[in-house]
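Predicted, not measured: the structure shown is a model, and the values here were computed from it.
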Amino acid sequence: MVTRTKFLKQLDDMAALLGRLGDKAASDTRAAGLAAAGDHGAETGILEGRKAAERLRGQIEGLCLDIMLMQQPLVGEDLRFVSASFRIVSDLSQIDSMTRDVAFIFSEMPEGALYGLGERFGSMAERAAGMVERAVAAFCGSDEAAAHAVIDADDELDAAYAQVEARVVELIRTGDPSPASLPELLMVAKYFERIGDKAQHVSDWTFFRTRGERMLTPGGHVIPSEEA
């Protein structure tokens with residue numbers, strides 16, 4: 001059994017690594033937003049930074065395993081923090097995959113194929129990136145109020161996606177310009193909306209850490225209060 005001092009340092013180290021991984025996910029989301037707004041070349045950093053994210057994920061997962069193997073018994077909030085960190089790494093890994101998909105789409109897309117959607121993509125990406133940053137900080141700081149704010153912020157991102165979807169449907173209906181790349185553009189908007197969902201999931205782990213219970217259903221809806 002490791003000493004309490006060493007154990008607390010391990011928890012601090014894990015929070016710091018999670019923060020760095022969250023910052024990387026947010027940075028990549030912003031870069032994806034720049035690429036989606038027409039900044040050719042912005043996607044390069046996402047594609048080249050994959051190994052850095054993989055190293056961070058490996059460090060976090062390795063530290064989680066070390067703690068669970070060496071610190072026995074692991075109970076209460078400490079256990080919930082470690083187990084939730086595993087799941088947060090998965091959520092952030094999926095964000096990494098989505099930003100790389102966006103980067104690949106725009107590395108292959110010809111210039112001038114945004115049909116006026118670039119500014120909306122940039123706005124969605126910035127909103128999603130901010131949610132990711134605040135979600136990881138809320139979890140690491142056991143900040144329920146901040147976690148609630150991230151969950152509530154997802155409504156705005158959903159509304160932004162609906163606006164992009166309506167615009168794409170309109171363009172498809174009119175057939176002018178040619179709708180060849182429109183399905184891919186709609187997919188990009190969906191990726192940014194899904195990054196917001198992942199930020200929600202990360203925030204939800206804050207409540208698991210502090211209370212031992214979740215606030216969201218598997219579908220991302222807030223569980224009704226028994227008092228309601």
Side-chain angles (χ1 to χ4, degrees), residues 22-38 42 46 84 87-88 90-106 109 114-139 143-173 179 181-208 213-225 228:
D23 287 345
K24 179 71 169 62
S27 175
D28 284 350
T29 299
R30 289 191 173 97
L34 290 174
I46 301 172
R87 300 297 297 272
I88 288 174
S90 176
D91 284 325
L92 296 178
S93 177
Q94 290 176 61
I95 291 174
D96 177 60
S97 296
M98 287 187 278
T99 57
R100 281 189 285 109
D101 284 348
V102 172
F104 180 76
I105 287 171
F106 284 99
M109 187 173 291
L114 290 172
Y115 309 137
L117 294 172
E119 185 175 344
R120 297 186 188 185
F121 287 149
S123 176
M124 289 183 73
E126 179 58 38
R127 183 174 285 115
M131 289 174 65
V132 172
E133 289 172 332
R134 296 193 301 274
V136 175
F139 174 77
D143 189 338
E144 291 189 1
H148 265 299
V150 173
I151 290 172
D152 292 343
D154 192 57
D155 290 341
E156 294 181 4
L157 200 53
D158 289 343
Y161 170 75
Q163 291 174 353
V164 172
E165 184 179 43
R167 174 61 175 157
V168 169
V169 169
E170 178 187 357
L171 289 169
I172 291 174
R173 187 188 307 116
S181 61
L182 291 177
E184 288 185 324
L185 294 180
L186 186 58
M187 183 182 298
V188 167
K190 189 62 179 177
Y191 278 139
F192 290 135
E193 188 269 335
R194 287 291 295 151
I195 290 172
D197 290 344
K198 291 301 174 185
Q200 269 197 323
H201 293 170
V202 173
S203 290
D204 196 25
W205 287 113
T206 302
F207 302 104
F208 175 76
E213 61 185 11
R214 307 290 297 277
M215 295 292 289
L216 298 175
T217 67
H221 303 292
V222 177
I223 299 172
S225 170

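- In this structure, Y161 and D158 have side chains that are not in contact, with every pair of non-hydrogen atoms separated by 4.5 Å or more.
- Going from atom CD1 of I46 over to atom CZ of R100 covers 10.0 Å, rounded to the nearest 0.5 Å.
- Salt bridge absent: R87 and D91 never bring a charged side-chain N and a carboxylate O closer than 4.0 Å.
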Original post:
Does the pair L185 and V164 meet the rule for a side-chain contact (heavy atoms from CB on, under 4.5 Å), with working shown?
Top reply: CA-CA 9 Å; L185 294 180; V164 172; over 6 Å; no
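- Within 6.0 Å of CD on E119 lie no more than 12 heavy atoms contributed by other residues, nucleotides or ligands.
- In this structure, the side chain of D204 engages the main chain of M215 through a donor-acceptor pair within 3.5 Å.
- Counting only heavy atoms from C-beta outward, the side chains of I95 and D28 never approach each other to under 4.5 Å.
- The shortest side-chain heavy-atom distance between I195 and L157 does not fall under the 4.5 Å cut-off.
- Counting all heavy atoms, side chain and backbone alike, A147 lies closest to A138 at N-CB, 3.7 Å.
- The OH atom of Y191 lies 11.5 Å from the CD atom of Q94; values are rounded to the nearest 0.5 Å.
- Comment: E170 does not engage R173 in a salt bridge, judged by the lack of any side-chain N to carboxylate O separation of less than 4.0 angstrom.
- Closest approach of R30 and G130 over heavy atoms only: NH2-N, 4.0 Å.
- Residues L92 and K198 have side chains not in contact (no heavy-atom distance under 4.5 Å, counting atoms from C-beta outward).
- Among all heavy-atom pairs drawn from L186 and E165, the shortest one is CD1-CA, 3.7 Å.
- Proximity of P183 to M187: side-chain heavy atoms (C-beta onward) are nowhere separated by under 4.5 Å.
- Residues R214 and F207 have side chains not in contact (no heavy-atom distance under 4.5 Å, counting atoms from C-beta outward).
- The minimum heavy-atom distance between M124 and A189, with the atom names listed, is CE-O, 3.4 Å.
- Between F106 and F121, the two ring planes are perpendicular [angle over 60°; tilted spans 30° to 60°].
- Shown here for A129 and T29, the closest heavy-atom pair between the two residues is N-CG2, 3.9 Å.
- Side-chain atoms of S27 do not come within 3.5 Å of backbone N or O of D23 as any donor-acceptor pair.
- Between I105 and V102 the shortest side-chain heavy-atom distance does not fall below 4.5 Å.
- Once rounded to the nearest 0.5 Å, the distance linking CZ of R194 with CE of M98 reads 6.0 Å.
- Closest non-hydrogen pair, L34 versus A42, comes out as CB-CB, 3.7 Å.
- Counting only heavy atoms from C-beta outward, the side chains of V150 and D154 never approach each other to under 4.5 Å.
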